[in-house]
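Values below: every heavy atom of this structure, side chains too, minus hydrogens, waters and symmetry copies. Positions are given from 1, in the same order as the sequence printed here.
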Amino acid sequence: ARSIFEPELVGAVQFEDNRQKNSVEEAASRDFTATYSERGWDYNAAVQGLLPTGAKVNVGYNLREESNTLTRTLTDKDKEYRMYLGASITQPLLKNAGVKTTRAGIHMAEADADVAFQEYRQEMMRTLGNGAVAYWNYYQAQEMLKKREDSVEMAEQILSDNRERLRIGKMAETEVLESMAGVVSRKALLSAAQQQHLETMNKIRSLFSVAVVPGTTPFEAVEQPAVEKVVPDYHDILQRAFELRPEYLAAKKRVERAGIKVFYTKNQSWPELDLKASYGLNGLDFSRGDAWDEVTDGKFDTWSVGLELRMPLMGNGEGTNELRKAALEKKRALLGLKSIEVELANEVDTEAQKVYSASEQFEYARSVVDIHKKLLDAEMARLKAGKSNSRLVLEKEESYRKAQEIALKNMVNLQMALHGLEVAGGTILVKNGVEIMEVDL
């Protein structure tokens, strides 16, 4: 869009050959010759450009090489050379006048570029968000697999101890069978956890565009989740959202662009009133050099100045309707901006409450884990003292494992909620070190 100010070089060359009979009037003005002939070359070169005020400027040079009947009969010369060097300017006074009008296309293009940039940031946020979700899902599958491996290991240890007790006659066979059932059921759960682990790992591979290679070491989620209690500041996060959310910034740019278009279409609805002025130097002689000397001497100058008015006679319906259309587009952009403001406020509130709720649920789940851990330890102690049995221990272990899995799920939900709050506040790119705007947090 900025290239409208780029000057243009215009060049033209034309050859003309004309032969005709003279009328009586023409013969009287042409030394009473019956015929007239002329031929010549016409050379033009000019630099044209647009000024920020909307003025069109032309600086040009013209050389005409003429040879006709009169030149040959009245002089001993075969050709004469006519030169002109000058400049002209056409400055609009109403329609197309002013720096703001001239640069309207540039400003609208800049707004479009800013909108596209914010759309790019939004796509970055979406991609980063998908990566974060995939990571925490994989972390949950990884930790779930570990807990179920520990559960199988504990059940197998109980089965091994029970078999030894059966061998020495201190335990009934039914209790061994119960412990065997506990091992088998836990291995089934372990198999499901292994499958879930594989699926979430392959989703991460897809994000990295990495194909499965048999025998390679699986990924390991090493970043530990935040477990401290979080109390979000709604007003601070909402302020950040208005500063960083791509869709809000893009909507503001659309409003700005619509305003520029309203201004421009209003200007285009005015009549055309142009100030035109020109100034030039003339030269004429029988050689190029002498003709150029006359130009540089400046004795034969010419200038003009005037006004030109052009206006529709039927009220300029097209311009009026374009202005009405632009005004409606601006109104739509403003309504879109207001809608996004409301959505952001509600989204930030929802995500903030979700973080608070997830943090609270995790705290409760962690307390439940501690209780079931104490119950399991007590039952294990009773088993060693011969006051309990394998079924009760396995039941306590199953309750403990389920409590752990619920706590793990709540912990991951907390991470997802924190991630959602970063997205709502628009800080996800900054906090992950990939923000491409100049921001000050």
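Classification of Lys266 and Glu322 as a salt-bridged pair fails, no side-chain N sitting under 4.0 Å from a carboxylate O. The pair Lys409-Glu405 fails the salt-bridge criterion, with no side-chain N (NZ, NE, NH1 or NH2) lying under 4.0 Å from an Asp/Glu carboxylate O. Salt-bridge formation is detected for the pair Glu65/Arg288: a Lys NZ or Arg NE/NH1/NH2 atom is positioned less than 4.0 Å from an Asp or Glu carboxylate oxygen. Between Arg148 and Asp150, none of the side-chain N atoms (NZ, or NE/NH1/NH2) sits under 4.0 Å from a carboxylate O, so this pair counts as no salt bridge. Of the charged side-chain nitrogens involved, none lies within less than 4.0 Å of a carboxylate oxygen, so that Glu110 and Arg257 do not count as a salt-bridged pair. Ion pairing between Arg254 and Glu119 holds under the 4.0 Å rule for side-chain N and carboxylate O. In summary, Glu256 and Lys330 do not engage in a salt bridge, as defined by a charged side-chain N under 4.0 Å from a carboxylate O. Between Arg324 and Glu329 there is no salt bridge, since no side-chain N of the basic residue sits under 4.0 Å from a carboxylate O of the acidic one. Ion pairing of Glu16 with Arg64 is present here, as a side-chain N (NZ or NE/NH1/NH2) and a carboxylate O approach within less than 4.0 Å.
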Practice prompt. Before giving the answer on side-chain hydrogen bond (donor to acceptor under 3.5 Å, both in side chains), spell out for Glu153 and Gln157 the whole-Å C-alpha distance, their side-chain angles and the decisive distance to 0.1 Å.
Written response: CA-CA 6 Å; Glu153 182 180 353; Gln157 182 61 48; over 6 Å; no
Discussion item. Does Glu143 form a salt bridge (charged side-chain N to carboxylate O under 4.0 Å, His left out) with Lys147? I'd like the steps, not just the answer.
Written reply: CA-CA 6 Å; Glu143 297 303 309; Lys147 295 184 186 309; 5.1 Å; no
Discussion item. Applying salt bridge (charged side-chain N to carboxylate O under 4.0 Å, His left out) to Glu347 and Arg245, what does each step give before you reach the verdict?
Written reply: CA-CA 12 Å; Glu347 182 181 348; Arg245 281 292 290 266; 3.3 Å; yes
Item to complete: Evaluate the side-chain hydrogen bond (donor to acceptor under 3.5 Å, both in side chains) criterion for residues Thr35 and Gln20: first the C-alpha distance (whole Å), next the side-chain angles of each, then the deciding distance (0.1 Å), finally the verdict.
Response: CA-CA 6 Å; Thr35 61; Gln20 67 180 58; over 6 Å; no
Fill in: Stepwise side-chain hydrogen bond (donor to acceptor under 3.5 Å, both in side chains) check, Gln361 with Ser357
CA-CA 6 Å; Gln361 291 177 42; Ser357 176; 2.9 Å; yes
Practice prompt. Go through the steps for Gln268 and Asn96 under the test side-chain hydrogen bond (donor to acceptor under 3.5 Å, both in side chains), then give the verdict.
Written response: CA-CA 7 Å; Gln268 294 300 294; Asn96 297 321; 2.7 Å; yes
Fill in: Derivation of the salt bridge (charged side-chain N to carboxylate O under 4.0 Å, His left out) call for Lys299 and Glu294
CA-CA 7 Å; Lys299 295 179 181 179; Glu294 286 192 358; over 6 Å; no
Worksheet entry | Stepwise side chain to side chain contact (heavy atoms under 4.5 Å, CB included) check, Glu80 with Leu284 | CA-CA 7 Å; Glu80 62 181 349; Leu284 177 66; 4.0 Å; yes
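Shown here for Ala241 and Val348, the closest heavy-atom pair between the two residues is CB-CG2, 4.3 Å. Taking all atoms of both residues into account, the shortest heavy-atom contact from Ala104 to Ile260 is O-CG2, 3.7 Å. Taking both residues in full, the closest heavy atoms of Val368 and Ala403 are given as CG1-CB, 4.0 Å, listed atom of the first, atom of the second, then distance.
If you take CD on Gln48 and OG on Ser88, they are separated by 8.0 Å, rounding to the nearest 0.5 Å. To the nearest 0.5 Å, the span separating CD on Glu351 from CD1 on Ile237 amounts to 10.0 Å. For the atom pair CZ of Phe300 and CG of Leu281, the computed distance is 11.0 Å after rounding to the nearest 0.5 Å. In this structure, Leu414 CG and Phe362 CZ are separated by 7.5 Å, a value rounded to the nearest 0.5 Å. Remark: Ile89 CD1 to Ser278 OG distance equals 11.0 Å, nearest 0.5 Å. Atom OG of Ser339 is separated from atom CG of Leu334 by 12.5 Å, given to the nearest 0.5 angstrom.
Applying the 6.0 Å contact sphere to CD of Glu318 captures no more than 12 heavy atoms from other residues, nucleotides or ligands.
Within the 4.5 Å cutoff, the side chain of Leu128 has heavy atoms near those of the Val434 side chain. Residues Leu429 and Ile436 form no side-chain contact, since every pair of their non-hydrogen atoms from C-beta on lies 4.5 Å or further apart. Within the 4.5 Å cutoff, the side chain of Tyr279 has no heavy atoms near those of the Thr302 side chain.
Judged by distance alone, with hydrogens and angles left aside, the side-chain atoms of Ser3 form no donor-acceptor pair with the main-chain N or O of Glu6 at under 3.5 Å. Side-chain atoms of Asn68 never come within 3.5 Å of backbone atoms of Ser37 as a donor-acceptor pair (strictly under, hydrogens ignored). Between the side chain of Thr90 and the backbone N or O of Lys276 there is no donor-acceptor pair closer than 3.5 Å.
No side-chain donor-acceptor contact under 3.5 Å links Ser367 and Asp370. Between the side chains of Arg121 and Gln118, a donor-acceptor pair is found at a separation under 3.5 Å. Side-chain N/O atoms of Asp42 and Asn62 include a donor and acceptor closer than 3.5 Å. No hydrogens or angles considered: a donor-acceptor pair under 3.5 Å links the side chains of Arg186 and Ser151. Checking Glu199 against Gln195 by side-chain atom types alone, a donor-acceptor pair falls below 3.5 Å.
Judged by a 6.0 Å distance limit and a 45° cone about the ring axis, Arg39 is not positioned over the six-membered ring of Phe15. Both the sub-6.0 Å distance and the 45° axial angle are satisfied by Lys100 relative to the ring of Phe263.
Note: Phe242 and Tyr248 meet the aromatic proximity criterion, with ring centroids under 6.0 Å apart.
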